[in-house]
Q: 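What follows is a single structure, and I will ask about it in a moment.
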Amino acid sequence: MSEKILEIENLTVNFDGFRALNNLSFGLDTGELRVIIGPNGAGKTTFLDIITGKTKPTEGQVRFKGRNLRPYAEYQIAEMGIGRKFQTPRVYLNLSPRENLELACNRVKGVFSTLFKRTPSPEKRTVSGLLETIGLVPKADMKANLLSHGEKQWLEIGMLVAQSPDLLLVDEPVAGLTDEETERTGELLISLAQSHSIIVIEHDMEFVRQIARQVTVLHQGSVLCEGTIDEVQNDPKVIEVYLGKEESQHEDDLRPMSQPVSAEDAIAT
Amino acid sequence: MTTAQIERSGTGISRNLMVEAAIVLGIMLFLIFALPLLMSDFRLNLTGRFLALSIVALGIDLIWGFTGMLSLGHGVFFTLGGYALAMYLKLQIPANASSQLPEFMGLYGVTELPWFWKPFYSFPLTALMVVLLPAIVAAILGYLIFRNRIRGVYFSILTQATTIIFFNFFNGQQKLFNGTNGLTDFKTLFGMEVSKPGAQYVFYVLTILFLAATYALSRWLTSGRFGRLLVAIRDDEPRVRFTGYNPTGFKVLVFAISAAFAGLAGALFTLQTGIISPNSMNIAFSIEMVIWVAVGGRATLVGAILGTLVVNFAKSMLSEKFPDIWLFFQGALFLVVVLFLPSGIVGWLRERGSDTFKNLTGRRKRSMTYPSLEEDPEVDYERKNTRN
């Protein structure tokens, strides 16, 4: 039986009376790749904020490898082995991709070791290898603000890997990417899943179908249902949440515009 | 990248460093040996003061240009350094003098030297205090501010508030620091009369040496991973936390180093002006320091030095000829820089200057897009046919 790397129990986050997360429980096995979907405002990003320590829970707790994360600051949680990729790519625009990766790759992140120690050559090799993986070798030494959106997405995924966390939190990795880039991103995530535990948040259902084994649906701050992609798509509760009465409001999340409108199709696309 | 390439770029970097060191050395030799022949003692003294001020500017560039913290309170650290050295100078009392206290204390009826003056009998301790005192104050202040994640405008406001507190404290302590008059009328340092041209020349050379040393230190700090992390903190501090770094320590260290620079500058400035008073803690002076860096170019280091010299020489020339308009000119200068040269003189030279130069001399324009695009024959063809 595989150990749980992440356990969340009865988690509630209250923003001035608004419950962004409501009595949410969640578990992730070591080595699992899990996709979280849910309509806008379901609490997906808050969920990542809680795990990474950006927001502290009002009630309940998050345990990572059995340790309660509440007392730790963001950087300590990152050091414990949780890496995060943001919804819009956040790379350091005034640094080159190589420098971005070297910063993330740094093993000892104290002030003085960063100041006095030169980048050790194993780290340099890791960085060179990663640059190849993410296809940025030709652009390794130009400023990152010259990269295209897709390249920035990939660079940020590269930074995440350079950090070598045990748990990767990936927020909308394919937003704004072309179909081809999306597919390559999927392959990258699947290959990463061999050695990491990963949580992916995504709207693009085709992409979800490509990578997902287990899917969790969030709705109004709680888990609506969990299961394989087919189970989830055929779950009447999910269909109702996505399409239900306010059809025109929610369907855009799942379905590119000008696509068939029937319930089944909307989720399948 | 293969190892051979890494090595090659490595030697490239060290060759660039050698060239830079040679240029710095050349400028130093010129300043030390040639300039005194070209200038009157008065002008040379002014140059020395401005060079001292550019040490503060380097400090401001480190925290503002590279780390993105706009300090409007560096006058405090500058003054602390100045006072530390001035206290030592005030204790250089001839053994046969009637009172063994600095003369202002007699005026206010002080009969015994306050305890905290005592360490300043020793020169090594004084030299240490010149940099340590401002650094410690900055480290404590910085730790409290940064740990609570106070940033941006709020940080600037807090540094301004600090200047007011320190100003009022020094201004009000007649018995301890001679209040608003400050410490002045220095006599001797190591037996030299400090106001003589010979001694002033020594201070001038010292200033140049310290400026070179602080420049080298700043270059070292801002190159390598530490420097990149400072830029990362400037551009996206929350992201740095999620990468596993705690920005607080880095910011405290840089803020303290920057304050130490200011203290050193204050001491050198005091030697060359012969006075330090609470006046240099007034807010306008701290803001002026920021203007020097903005004019020269943020995050360029050389720009900080250049900006300080340009603004201050302009100030002294203009205020000699038209004493009334200097402030207007300074305001106008700042506006021009913000509106037309947002990256300062050096920033502009780096961004545009080399292109302009190459265009003028007919050499190829530097590529502004991806190299792959630049070399793409199709793109090249299109460009030729659409432009002309």
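These values consider heavy atoms only, across backbone and side chains, with no hydrogens, waters or symmetry-generated copies. All values reported here derive from a predicted model rather than from experimental measurement. In what follows, chains carry the letters A, B, and so on, assigned in the order in which the sequence lines appear, proteins first and then strands, with residues in each chain numbered from 1.
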Q: By a 4.5 Å heavy-atom criterion (distance strictly below it), what part of A:Arg118 contacts chain B: side chain, backbone, both, or neither?
A: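 For A:Arg118, the contact with chain B is made by the backbone alone.
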Q: Go through the atoms of A:Leu115 and report whether side chain, backbone, both or neither lie under 4.5 Å from a heavy atom of chain B.
A: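 When you check distances to chain B, atoms from both the backbone and side chain of A:Leu115 fall under 4.5 Å.
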Q: Check whether more than 12 heavy atoms from other residues, nucleotides or ligands sit under 6.0 Å from atom CZ of A:Arg67, and answer yes or no.
A: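 No.
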Q: Rounded to the nearest 0.5 Å, what separation is found between the CZ atom of A:Phe112 and the CZ atom of B:Phe226?
A: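 With rounding to 0.5 Å, CZ (A:Phe112) is 8.0 Å from CZ (B:Phe226).
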Q: Looking at every non-hydrogen atom in both residues, tell me the closest pair between A:Arg90 and B:Arg239 and how far apart they are.
A: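 So the minimum-distance heavy-atom pair works out to O-NE, 2.9 Å.
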Q: With distance as the sole test, does A:Lys109 use its side chain to make a donor-acceptor pair with the main-chain N or O of B:Thr243 at under 3.5 Å?
A: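 Between the backbone of B:Thr243 and the side chain of A:Lys109 there is a qualifying donor-acceptor contact (under 3.5 Å).
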Q: Side chain of B:Arg228, backbone of A:Glu99: donor and acceptor closer than 3.5 Å?
A: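 Not a single qualifying donor-acceptor pair exists.
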Q: Is A:Asn106 close to chain B through its backbone or its side chain, or both, or neither, when contacts mean heavy atoms under 4.5 Å?
A: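 Contact with chain B involves both backbone and side-chain atoms of A:Asn106.
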Q: Which atoms of A:Glu102 are under 4.5 Å from chain B, going by heavy atoms: the side chain, the backbone, both sets, or neither?
A: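 Interface part for A:Glu102: both.
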Q: What residue, out of A:Leu93, A:Thr52, A:Leu131, has the most heavy-atom pairs lying under 4.5 Å from chain B?
A: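 Answer, by heavy-atom pair count under 4.5 Å with chain B: A:Thr52.
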Q: Testing the basics here: between A:Thr114 and B:Tyr245, what is the closest heavy-atom pair and its distance to 0.1 Å?
A: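 Distance-wise, the nearest heavy atoms are OG1-CE2, 4.2 Å.
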Q: Does the side-chain contact (heavy atoms from CB on, under 4.5 Å) test come out yes or no for B:Phe242 and A:Gln163, once each step is laid out?
A: CA-CA 10 Å; B:Phe242 291 116; A:Gln163 224 176 304; over 6 Å; no
Q: What part of A:Met80 gets closer than 4.5 Å to chain B, counting heavy atoms only: side chain, backbone, both or neither?
A: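 Looking at A:Met80, nothing touches chain B.
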Q: Roughly how far apart are A:Asn94 CG and B:Asp236 CG, rounded to 0.5 Å?
A: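 Output value for this atom pair is 11.5 Å.
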Q: Looking at every non-hydrogen atom in both residues, tell me the closest pair between B:Arg225 and A:Lys117 and how far apart they are.
A: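 The answer is NH2-O, 3.5 Å.
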Q: Pull out the residues in residues 247-254 of chain B that come under 4.5 Å of chain A, heavy atom to heavy atom, sorted by number.
A: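 At a heavy-atom separation under 4.5 Å, chain A is reached by B:Gly249, B:Phe250, B:Leu253.
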Q: Side chain, backbone, both or neither: which part of B:Asp235 has an atom under 4.5 Å from a heavy atom of chain A?
A: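 When you check distances to chain A, only side chain atoms of B:Asp235 fall under 4.5 Å.
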